[in-house]
Protein chains: 2
Amino acid sequence: MDSKIFNLKAKLELYKAMTNGGNFADCPVRDVIQGISGKWSSLLVMALAEKPYRFGELRRLVPDISQRMLTQTLYDLQRDGYVHREVFPTKPPSVEYSLTDLGRSMFLPLQQLVQWAELNHDAVRGARAAFDAAQG
Amino acid sequence: MDSKIFNLKAKLELYKAMTNGGNFADCPVRDVIQGISGKWSSLLVMALAEKPYRFGELRRLVPDISQRMLTQTLYDLQRDGYVHREVFPTKPPSVEYSLTDLGRSMFLPLQQLVQWAELNHDAVRGARAAFDAAQG
DNA sequence: AGTGCTGGTCTCTTTTTGAGACTACCAATC
DNA sequence: GATTGGTAGTCTCAAAAAGAGACCAGCACT
């Protein structure tokens with residue numbers, strides 16, 4: 001099989017999936033992608049892929065997130081089914097966040113992207129520096 | 001080899017990469033991820049993976065992007081080395097945007113994520129509907 | 001009685017994004 | 001010759017999202 005043609009077909013299919021065949025207002029793929037492409041979503045999913053964490057632990061783990069955004073991002077991740085929220089009736093009550101099966105399955109491709117970022121951040125930073133040096 | 005242990009190690013390594021071992025202020029992986037996790041970045045990369053496009057073509061292709069955000073997202077993608085911008089001296093001058101080698105290499109893991117989204121958007125929408133029905 | 005820990009919410013300010021008018025140039029049309 | 005249309009943007013102002021920090025209730029410990 002000609003892998004070039006295969007790749008082009010794959011690209012076109014994915015592009016169509018992402019554009020919903022022209023119906024941009026109601027594209028499920030974009031909807032899903034936007035849900036996980038927020039500023040903090042991927043970082044929290046990466047953290048919870050390691051192990052479950054409590055609210056305060058996550059806050060200390062990611063010191064530059066505001067409490068407000070931590071609440072809201074966890075809420076959104078829970079709403080979309082990536083994260084499970086469990087309240088333990090301790091005093092004071094503690095809340096544990098963990099990945100669901102859906103969250104774990106999404107973690108796999110996300111991992112690929114993070115791996116790519118790890119391998120290529122030098123190239124990206126180099127490109128940025130070169131661009132800025134040329135007074136883009 | 002125990003694949004469970006391998007996976008845990010992989011997770012921990014990636015989590016460390018994403019948190020830069022505690023140095024959150026200067027983490028190259030988060031820096032790269034945030035550069036491609038904007039609202040329009042992934043969509044434009046997917047479009048340009050199909051073939052090069054001109055500014056106006058992209059604007060018509062993605063009708064719900066504002067001209068301002070199209071300009072800025074393409075600028076950012078160019079600055080980070082994902083996109084090449086070429087001006088042709090026609091009248092009026094036309095500008096073509098295409099993926100660089102770096103952009104194409106980033107497209108591969110991005111593709112995995114979009115594929116996941118395509119396969120799982122029903123689950124996500126279902127989770128969201130169930131959550132909202134429970135008056136979250 | 002005061003301090004600290006829990007997981008948040010509320011308000012205010014700053015940043016980011018969106019909507020739409022406006023630019024300059026040229027070609028073809030009316 | 002004036003109008004219209006297409007090129008790739010920029011500029012300004014309004015709306016939405018994000019960040020900073022105060023505040024809350026309840027209980028434990030000192």
Side-chain angles (χ1 to χ4, degrees), chain A residues 24-25 27 30-31 33-45 47-48 51-80 83-98 131 135-136, chain B residues 24-27 30-31 33-45 47-48 51-80 83-98 131 134-136:
Chain A
F24 286 81
C27 173
R30 276 178 68 185
D31 187 34
I33 292 290
Q34 295 211 351
I36 59 186
S37 74
K39 183 170 183 183
W40 302 107
S41 312
S42 58
L43 183 56
L44 291 178
V45 168
L48 294 175
K51 70 184 184 73
Y53 278 109
R54 304 219 335 244
F55 186 89
E57 291 178 313
L58 286 171
R59 194 159 59 88
R60 285 186 290 274
L61 206 59
V62 187
D64 57 346
I65 194 175
S66 66
Q67 223 165 356
R68 189 184 152 283
M69 284 314 293
L70 181 55
T71 301
Q72 183 166 329
T73 306
L74 287 171
Y75 180 90
D76 291 343
L77 289 174
Q78 186 197 355
R79 190 169 98 101
D80 282 7
V83 161
H84 172 70
R85 178 179 187 271
E86 191 162 8
V87 181
F88 293 99
T90 57
K91 311 220 161 176
S94 60
V95 180
E96 187 184 86
Y97 293 91
S98 56
F131 187 86
Q135 275 99 284
Chain B
F24 286 82
D26 183 38
C27 173
R30 276 178 67 187
D31 187 32
I33 292 291
Q34 296 212 351
I36 59 186
S37 73
K39 182 169 182 184
W40 303 106
S41 312
S42 59
L43 182 57
L44 291 178
V45 168
L48 294 175
K51 69 185 185 74
Y53 279 109
R54 300 207 354 229
F55 185 89
E57 290 178 314
L58 286 171
R59 193 159 58 89
R60 284 186 291 273
L61 208 57
V62 188
D64 57 346
I65 193 175
S66 66
Q67 225 165 354
R68 189 184 152 283
M69 285 312 293
L70 181 55
T71 302
Q72 183 167 329
T73 307
L74 287 171
Y75 181 91
D76 292 343
L77 289 174
Q78 186 196 356
R79 190 170 99 102
D80 282 5
V83 160
H84 172 70
R85 177 180 187 270
E86 190 162 7
V87 181
F88 292 101
T90 56
K91 310 220 164 181
S94 61
V95 180
E96 186 183 86
Y97 293 91
S98 55
F131 186 87
Q135 276 98 282

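Quick note on labels: first sequence line is chain A, next is B, and so on, each numbered from 1.
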For D/dG19, does either OP1 or OP2 sit under 4.0 Å from a side-chain N or O belonging to A/W40?
yes
Identify which nucleotide among D/dG9, D/dA20, D/dT7 has an atom closest to any side-chain atom of A/S66, counting heavy atoms from C-beta outward.
D/dA20
For B/R54, give me all partners under side chain to side chain donor-acceptor pair (under 3.5 Å), at least two apart in sequence or on another chain.
none
Heavy-atom side-chain contact between B/V83 and B/L44 under 4.5 Å:
no
Please tell me which of the listed nucleotides, C/dT6, C/dT9, D/dT10, lies nearest to the side chain of B/Q67?
D/dT10
Name the residue closer to the 5' end of DNA chain C, choosing between A/E96 and B/I65 according to the nucleotide with the nearest heavy atom.
A/E96
Side chain of A/S94 (C-beta onward), nearest among D/dG9, C/dT17, C/dG7
C/dG7
Examine C/dT16: is either OP1 or OP2 under 4.0 Å from a nitrogen or oxygen in the side chain of B/K39? Give yes or no.
no
Below the 4.0 Å mark, does C/dG8 have OP1 or OP2 next to a side-chain nitrogen or oxygen of A/R54?
no
Under 3.5 Å, which N/O atoms of the protein pair with N/O atoms of nucleotides 24-30 of chain D?
none

Compare side-chain N and O positions of A/R60 against OP1 and OP2 of C/dT6 and report whether any pair is under 4.0 Å apart.
yes
So A/F88, base contact, sugar-phosphate only, or nothing? Heavy-atom distance under 4.0 Å.
nothing
Ignoring hydrogens and angles, does a donor from either the side chain of A/R68 or the base of D/dA18 sit under 3.5 Å from an acceptor on the other?
yes
Taking the side chain as every heavy atom from C-beta outward, state whether A/Y75 and A/R85 have any pair of such atoms under 4.5 Å apart.
no
